[in-house]
Protein chains: 2
Amino acid sequence: MVDAQAQVRPGGRSAKVRAAVHHAVAQLLAEEPAEALTIPAIAARAGVHPTTVYRRWGSAAQLLGDVATSRFSGDVVVPDTGTLTGDLERWLGDVATDLTDPDTLALIRATIGSGPDGGCACLGDRHEQLSAIIERERSRGGRAPEVEHAADFLLGPLYYRAIFSAQPASSDWARELVATFLAASEALAA
Amino acid sequence: MVDAQAQVRPGGRSAKVRAAVHHAVAQLLAEEPAEALTIPAIAARAGVHPTTVYRRWGSAAQLLGDVATSRFSGDVVVPDTGTLTGDLERWLGDVATDLTDPDTLALIRATIGSGPDGGCACLGDRHEQLSAIIERERSRGGRAPEVEHAADFLLGPLYYRAIFSAQPASSDWARELVATFLAASEALAA
DNA sequence: CCACTAACGCAACGATCAGTGCGATAATTT
DNA sequence: AAATTATCGCACTGATCGTTGCGTTAGTGG
């Protein structure tokens, strides 16, 4: 959304300001509670004038959405281990590891609280990544579950535990999740 | 937490104020974006002086947690249809129906964004309810899945879709979820 | 029925925030 | 290289927020 403006003139300065502001948001969320995430505080941390932030992003909610989408897009590489199980275990394990970081969780929480579209922004391109993994398995000739089902039973429990439950969602647990899901998927298909 | 004070003197007025403030929070969240949920605004809507809210709850985050816990506790009756499938379908369907309401979603989002404990507050006594359903099935002599697994694969996808994905989590879909989960659970146990 | 005290309303204060012209700077174009 | 224009910094304003001290109201117990 803001990229439309940034692409008009992406010369060094705008990009620097954008990076500094993004970094300041992540940094502040890691330290202070979410309600302390005010525009003047962000601007001060980023070494930028508050007016700049007001003009470029308008509100803290839009800024948070911008930070989340760029933070959660392209952050995890889609693996290619040769098997569906290996790909899913590797990928979901990486996603789970990312969700282990308290700072990452703070960003997700704040983004969700910023508006109705905050949750989607936190997913980034997770669904595209999952779809790519499943598509690759099909191109191998293997039988793979539906993307929607995989998202529901893999990403669902993972994000549920990370956000709602107090239980930590470790990388090992994510691998168990994949095993359980694939076994159930096989059993039901037969 | 605040109940400890309220129980000291729960005579009419305190309870009235508490109810009015809770109602005002839900009402404001349904209309304005979350960042407009300021103490003076809540107090004005509740017909109460801002000082009162500051003194009783301290911050908007604690107030939101209080509202969420009392909103999501005891709001769904644990059914007793005679079968595990029936109980789960009925119960998860009710939970899903509740999550269909945009105002409810707004409350959940804001509560999550208010702090690390916000997510747990939004669950209320869901896990206790689920545990009660499963315990009852076991007391009938039936074989029921683990509570943790049920929470992961039932509540997980449901809340994931409601908060992160843009897809609506309807009551019908919740019933399908129960069927899929129980079938997979049976297949893996055999 | 009366004393007691918790809870609330009121008024004021300092601090901070969101927003607005205007000039300066730097990237882009001709 | 010069003109152009998007972007940023600065100074200023109005509004709102969070907080505190004090008086008043209304439940609670003797």
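Residue numbering restarts at 1 for every chain, and letters A, B, ... go by the order of the sequence lines.
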Novice: Which angle, rounded to 10°, do you find between the first-five-pair axis and the last-five-pair axis of the helix from C:dC1-D:dG30 to C:dT30-D:dA1?
Specialist: 40°
Novice: Check side chain to side chain contact (heavy atoms under 4.5 Å, CB included) between A:L84 and all other residues, then give those that pass, not counting sequence neighbours.
Specialist: A:L88, A:I133, A:E137, A:A144, A:P145, A:L182
Novice: Using the six-membered ring of A:W57, assess whether NZ or CZ of A:R18 lies under 6.0 Å from its centre and within 45 degrees of the ring axis.
Specialist: no
Novice: Does atom NE2 of A:H127 have more than 12 heavy-atom neighbours from other groups under 6.0 Å away?
Specialist: yes
Novice: Could you list the donor-acceptor pairs under 3.5 angstrom formed by side chains in residues 22-34 of chain A, with sequence neighbours left out?
Specialist:
unit_1	atom_1	unit_2	atom_2	d
A:H22	ND1	A:S70	OG	3.4
A:H22	NE2	A:D66	OD2	3.2
A:E31	OE1	A:R45	NH2	3.0
A:E31	OE2	A:R45	NH1	3.3

Novice: Please give, in whole Å, the distance from D:dT25 P to B:K16 NZ?
Specialist: 19 Å
Novice: What pairs with B:A96 under side chain to side chain contact (heavy atoms under 4.5 Å, CB included), at least two apart in sequence or on another chain?
Specialist: B:L158, B:A174
Novice: Between P on C:dT16 and CG on A:L37, what's the gap in Å once rounded to a whole number?
Specialist: 17 Å
Novice: At less than 4.0 Å, is any side-chain N or O atom of A:S14 found next to OP1 or OP2 of D:dT7? Yes or no.
Specialist: no
Novice: Group every Ile, Leu, Val, Met, Phe, Trp and Tyr by side-chain heavy-atom contacts under 4.5 Å, then state whether A:Y54 and A:V67 land in the same group.
Specialist: yes
Novice: N/O contacts under 3.5 Å, protein versus nucleotides 17-21 of chain D?
Specialist:
unit_1	atom_1	unit_2	atom_2	d
D:dG18	OP2	B:Y54	OH	2.2
D:dG18	O5'	B:Y54	OH	3.0
D:dG21	O6	B:R55	NH2	3.0

Novice: Using a cut-off of less than 4.0 Å, is there contact between a side-chain N or O of A:R56 and OP1 or OP2 of D:dC8?
Specialist: yes
Novice: State which residues pass side chain to side chain contact (heavy atoms under 4.5 Å, CB included) with A:S73; sequence neighbours excluded, sorted by chain then number.
Specialist: A:D125
Novice: Donor-acceptor pair, distance only, cut-off 3.5 Å: does the side chain of B:T180 make one with the backbone of B:E176?
Specialist: yes
